[in-house]
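Protein chains get the first letters and strands the later ones, always in sequence-line order, with residue 1 at the start of each. Worth saying up front: this structure is predicted, and the values here are computed from it rather than measured.
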Amino acid sequence: MPLALLLSRIRLPPAAMPSTRSASSARLVRASRADANPVVREVKRESSVSFDISKPESPSVKRKRVKRELEENGEHPVKQVVPDIEDFRYDKTKALTSSIKVEKKARVSAVIKVGAPENWEAVLRGIKNMRLSGQAPVDTKGCEKAGSLLPPKERRFAVLISTMMSSQTKDEVTHAAVERLSENGLLDPDAIVRTDEAMLANLIKPVGFYQRKAQFIKEASKICLERFGGDIPDSLNELLALRGVGPKMAHLVMSIAWKNTQGICVDTHVHRISNRLGWVFREGTKQKTTTPEQTRMYLEKWLPKDEWEPINPLLVGFGQTICTPLRPKCDMCGITNLCPSAFKESSSPNPKQKKTRPP
DNA sequence: TTCCGGGTAC
DNA sequence: GTACCCGGAA
């Protein structure tokens, strides 16, 4: 996965710590950004995507969505053995946090102690060893990260843009797209805003979903300019407020652009492998988690924080080489003695069963 | 040739 | 749940 590559590649100086911004002023600016230019509107019309171009997601709508997601995943009781992770995750928007908490229903029943899985350290050691011997694509397909030579602010912007482009896209392709942007002087929010969206899409074309991403990147650039002085948002919530940036991207950007890891970056590999290892469960059950967000929240309950950032590139590389989505190579795996799923998924999956969930 | 993964928006 | 997009696997 490209994201982990970014993680492993980008080394920022211990730059400025995030500063707190006024949520209300941010809201004002954001509310006034419906003045999409004609070009953007045209492109949007041609798109088959059916969303209302006159109403970009408002802050309140976004907040509702974030809240809904939190509640979906927060179906666990409020009382936990570890401190409520929300306490520090959304500390930049106290109002939001408190409203979430107010609406969060405490269910005192079914409180189960969430401890670290047995042998997790041995498992982690074993995976690290495997990662030392066999080089995963995530490690070796290293072309130099674009933006690495830029000053901190420009580099952060490059990180955001490359991250937004990286999903569903191979490392090399993402890198090539970043290079193309760089060659055209487009690793700059002002330049992007002044660039025709179709042209931008064309430049990044090999990346997956390039049209939507071009659109989202333009929007994000505009917000960076208008609200953050051309810098990128420095809090999780403000990153999440950018269209095209979900939890995974937001946590990744916080980690690598701001050196401020606020949560685990859970991609498909981390999600899948955590479940295979029996590291995460849906709250109050012993069932697998169904979404990366559930996985993230459960993992964060027991995984020591200094492992939060390295766990992503570690499991991504492991997932690329050995613990693959289909037919995991258990015979090549060094931790089968510790893995509850070892040799259980080796045959071709039954397509009929594929989409069924555990009850 | 068909199908699927992958993160997000809707 | 589907759409987005494309490479690569089945």
Protein N or O to nucleotides 6-8 of chain C N or O, pairs below 3.5 Å:
residue	atom	partner	partner atom	Å
C/dG8	OP1	A/K170	NZ	2.7

Answer yes or no: is there a side-chain heavy-atom contact under 4.5 Å between A/W258 and A/I232? yes
Does any part of the side chain of A/T289, heavy atoms only, come nearer than 4.5 Å to the side chain of A/M297, both counted from C-beta? no
What is the distance, rounded to the nearest whole Å, between atom CZ of A/R296 and atom C1' of B/dG7? 14 Å
Would you mind reporting whether A/L242 and A/P233 have side-chain heavy atoms less than 4.5 Å apart? yes
Grab the CG-P distance between A/L315 and B/dG6 for me, whole Å please. 14 Å
Taking side chain as C-beta onward, heavy atoms only, is A/T324 less than 4.5 Å from A/K329? yes
Non-hydrogen side-chain atoms of A/K170 and A/P206 separated by less than 4.5 Å: no
Which nucleotide in the set B/dG7, B/dA9, B/dG6 lies at the smallest distance from any side-chain heavy atom of A/D267? B/dG7
Report the residue from A/D190, A/I192, A/D188, A/D231 that forms a side-chain contact (heavy atoms from CB on, under 4.5 Å) with A/L225. A/D190
Expressed in angstrom and rounded to an integer, what is the separation of A/L242 atom CG from B/dA9 atom C1'? 14 Å
Between CE of A/M165 and P of B/dG6 the distance, given in whole Å, is 20 Å
Check this one for me: any side-chain N or O of A/S167 less than 4.0 Å away from OP1 or OP2 of B/dG6? no
Of the nucleotides B/dG6, B/dC10, B/dT8, which has the atom closest to the A/R243 side chain? B/dC10
Comparing A/F216 and A/R272 on DNA chain B - which has the more 5′ nearest nucleotide: A/R272
B/dG7 phosphate, OP1 or OP2: any side-chain N/O from A/R212 under 4.0 angstrom? no
What's the closest nucleotide to the side chain of A/R327 if the choices are C/dA9, C/dC5, B/dG6? C/dA9
Quick check for you: to the nearest 0.5 Å, what is the distance between A/R243 atom CZ and A/M164 atom CE? 9.5 Å
Over how many whole Å does the gap from A/L239 atom CG to B/dT8 atom P extend? 12 Å
Options B/dG7, C/dA10, B/dA9, nucleotide nearest the side-chain atoms of A/L326: C/dA10
Can you check the A/H271 NE2 to B/dG6 P distance for me, whole Å? 10 Å
